[in-house]
*Asks:* 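Dropping a structure here in structure tokens format, bear with me for questions.
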Amino acid sequence: MSENWFLGVDLGGTKMAVSLWAEDSNHKTVIKKGVMRWPTTSDGPESNLEQIAQGAEKLLDAARAAPREGAGEGAAVEGHLVSVGISGGGPVDPVRGVILSIPNLPGWDDVPVGSWLSTRLGVPAFLENDANASAVAEWLYGAGKGSNCMAFLTCSTGIGAGLILDGRLYRGARFLAGEAGHQVIVPGGLPCGCGKQGCLEAYASGSGMARRLEVHRMKDPSLPCTAREVVERAREGEVFSLQFLRETAEYLAMGIVNLVFILDLERVVLGTIAVGAGDLLLGPLRESLSRRLWPSFLRGLEVVPAALGSELGDHAAIAVARDLPRVLRC
Ligand SMILES: [Zn+2]
């Protein structure tokens, strides 16, 4: 019997990866057969895509040569590649399969990655931006399972969101939906990387937290300088770091309250920083939400850390390859 194989390509501004997955015989789950990772270089899209394609071919060759479980010696695995999914770190046009840009990476403007990889590997290729792809992955395989209206917030260097509404990925009119990090939560507040002031990202993202810490460190240089350090010290009980996380939770709550009031979400899944901080951030966040939201919105609302951890990028890419066409059709 032949297995269905899928390739996932995670393409970000600093790193990229290609992973090969096989569907089990019930078509219910996928199992990772191999992965290759590289730093993204500034040589331009052609050279990076070539590296990805060659990596994909190596993974496919290795999978084909692997002995088949339960079969006699020398019996190789039979599998056929169904599709490729690309999770792109930046704005994309998913319909045309074009990456519009990748922040801080020159040369990645209007790159037709979908048709390039599809031609090179001989199967259909699908593209989605990484926040949307991660939302679909957490929804189907992680902390969003079983929900119908959910937001995934990235919460790393920046804040981006992927929205699952009424059981479908919501992309918006220009595929720009989910820029939740740039809602203004403090009018005239701290400058944001986007050029505006007072955005949620300027307060509650990794880079925003680092900038807020800079101000405190001017008075006391012994204080932590990164979100990671704050979490470590809060775990040890440092009063400043605990208070700083409570303050961050307040900002985050303001952003989440807006999303819940507008979208009537039942689940909010939070990435990187929330995963690292756990209840040190989520405790005060839930408490703040319960003060700010109407009881009718709080009923059944769950705010949880992402579940796919360091594998999220690989899962996001495979969700684009395997699940997105189905999810968009339903
Ligand atoms: Zn902004």
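This structure is a prediction, so every number in the text was calculated from the model and none was measured. As the structure lists them, so they are numbered: ligands from 1, and atoms in each ligand from 1.
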*Asks:* Do Ile185 and Tyr251 come close enough that some side-chain heavy atom pair is under 4.5 Å?
*Replies:*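 Yes. Closest side-chain heavy atoms under 4.5 Å.
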*Asks:* Looking at Tyr203, is Arg212 sitting on its ring face, NZ or CZ under 6.0 Å from the six-membered ring centre and within 45 degrees of the normal?
*Replies:*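 Judged by the rule, Arg212 and Tyr203 form no cation-pi pair.
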*Asks:* Listing request: all side chain to side chain donor-acceptor pair (under 3.5 Å) pairs with a residue in residues 277-288, at least two apart in sequence or in separate chains.
*Replies:*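 Residue pairs with at least one partner in residues 277-288: Glu250-Ser288, Asp279-Arg286, Glu287-Arg291, Ser288-Arg292.
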*Asks:* Does the distance from a Lys or Arg side-chain N to an Asp or Glu carboxylate O, for Glu3 and Lys33, drop under 4.0 Å?
*Replies:*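 So Glu3 pairs with Lys33 through a salt bridge.
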*Asks:* Please name all residues satisfying ring-ring contact (aromatic ring centres under 6.0 Å, His included) with Phe261, sequence neighbours left out, ordered by chain then number.
*Replies:*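 Per chain and number, Phe261 pairs via ring-ring contact (aromatic ring centres under 6.0 Å, His included) with Trp294, Phe297.
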*Asks:* Sequence neighbours left out, what passes ring-ring contact (aromatic ring centres under 6.0 Å, His included) with Trp108? Give chain and number order.
*Replies:*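 Trp108 satisfies ring-ring contact (aromatic ring centres under 6.0 Å, His included) with no other residue.
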*Asks:* Anything protein N, O or S sitting under 2.8 Å from the Zn ion (ligand 1): count it and give me the total.
*Replies:*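 N, O or S atoms of the protein closer than 2.8 Å: 4.
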